[in-house]
Amino acid sequence: MTNRQFVTVRLYDGFHPAHPSAHGLVEPAIHSLPSVQIPPDNSWGFMLASALSELDPEGAVVGFEPGVPGPSMRRPVRTHARLNSIDPDSATMSDYVYPDRIWLLDESGRLGYNHRLEFHSRKTTILRRASNATDAGYNQEDFSDLLVTRSEGGFGGDSVWYDIASFLLDQGVQIGLDATVGGIAAWSVRRIGIRIAGSKSDKRARRTAREWEARGIGTPARLREFLELNAAWHLEEVCTRLDIAPLSGAQLLQALGYELRSDGSMLWQLGHHKSARKRREKWMKAETAEWQPELRA
């Protein structure tokens, strides 16, 4: 993974329209904007407050939260990241996008998630972990090069708790399995939908659910969106990212309609068999009442 020692934070006095010329504005050169470099190993709220205390100490560009003065307090800003496919030397304003889905990988390779870069984010090393996920191909943005602008909105949204352990049990997925239960190929001799009773597995499942919640991946939609990042998966990678046993990982893939390829590659991909489609449809219907069956060729 790329060793990014510093994050460049640039400040723009505006709302960053996607195409400034369409709004009658002259697009400023990115490298002419005031910038500061900060280490990527703290919470984003702390890092952003530190950057703004240098770039805009008086709040002339981005004002402070009403009624609570001081450079360390939250400010109404939006944070944009440069697209990883764009060379930093040739980047323009339109190459900085507002990420609303940020995957994270910690030092152990475990998956995490953050919904935007906002002042209330307390996750430490969030930018380093976001960069790790970019290196793994999960994000499209380079989180070592950020553009901060004024925001027309507020400071953040609400979080919703979801009993992911119970949801997965209904889909035949046991996230409380011990890593020693079965092996990489144990999925082949277990029927999906079998529930393994016992207080130990239940406690492990609840612990895993709490850990997922803390890492921002504790909802059915988030798990599905992660697996949709790749057309095919090795079981080992899924288990590492989610920190679950091989049998649990295989059950999860099966529940979302994935099947093991028959070419000996040990890769899982979305299946076209009727049984695989039915399993995915069951998941989608349970995930959201607004879901409609997927169109297939």
**Asked** Would a hydrophobic clustering, with Ile, Leu, Val, Met, Phe, Trp and Tyr connected at side-chain separations under 4.5 Å, put Leu270 with Leu267?
**Response**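 Result: no, two separate clusters.
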**Request:** Identify the residue among Asn84, Ile102, Leu105 that makes a side-chain contact (heavy atoms from CB on, under 4.5 Å) with Thr134.
**Result:**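 Exactly one candidate clears the test, Asn84.
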Do [X] and [Y] make a side-chain contact, defined as non-hydrogen atoms from C-beta onward lying under 4.5 Å apart?
{"X": "Met93", "Y": "Tyr12", "value": "yes"}
{"X": "Ile217", "Y": "Leu104", "value": "no"}
{"X": "Ile30", "Y": "Asp95", "value": "no"}

So which heavy atom on [X] is nearest to which on [Y], and how close?
{"X": "Arg241", "Y": "Ala136", "value": "NH2-CB, 4.4 Å"}
{"X": "Gln269", "Y": "Ala232", "value": "CB-CB, 4.4 Å"}
{"X": "Pro40", "Y": "Val7", "value": "CB-CG2, 3.6 Å"}
{"X": "Ala286", "Y": "Gln171", "value": "CB-NE2, 3.6 Å"}
{"X": "Ala205", "Y": "Ala165", "value": "O-CB, 4.3 Å"}
{"X": "Glu287", "Y": "Ala221", "value": "OE2-CB, 3.4 Å"}

Any donor-acceptor N/O pair, [X] side chain to [Y] backbone, under 3.5 Å:
{"X": "Arg279", "Y": "Leu256", "result": "no"}
{"X": "Asp106", "Y": "Ser108", "result": "yes"}
{"X": "Asp170", "Y": "Phe167", "result": "no"}
{"X": "Arg10", "Y": "His31", "result": "no"}
{"X": "Lys282", "Y": "Ala255", "result": "no"}
{"X": "Trp268", "Y": "Gln254", "result": "no"}
{"X": "Arg277", "Y": "His272", "result": "yes"}
{"X": "Thr208", "Y": "Gly176", "result": "no"}

**Asked** Got a sec: does the CD of Gln140 have more than 12 other heavy atoms crowding it under 6.0 Å?
**Response**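 No.
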**Request:** From the options Phe226, Trp103, Tyr113, Phe143, select the one residue that forms a ring-ring contact (aromatic ring centres under 6.0 Å, His included) with Tyr138.
**Result:**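 Among Phe226, Trp103, Tyr113, Phe143, the one that satisfies the ring-ring contact (aromatic ring centres under 6.0 Å, His included) with Tyr138 is Phe226.
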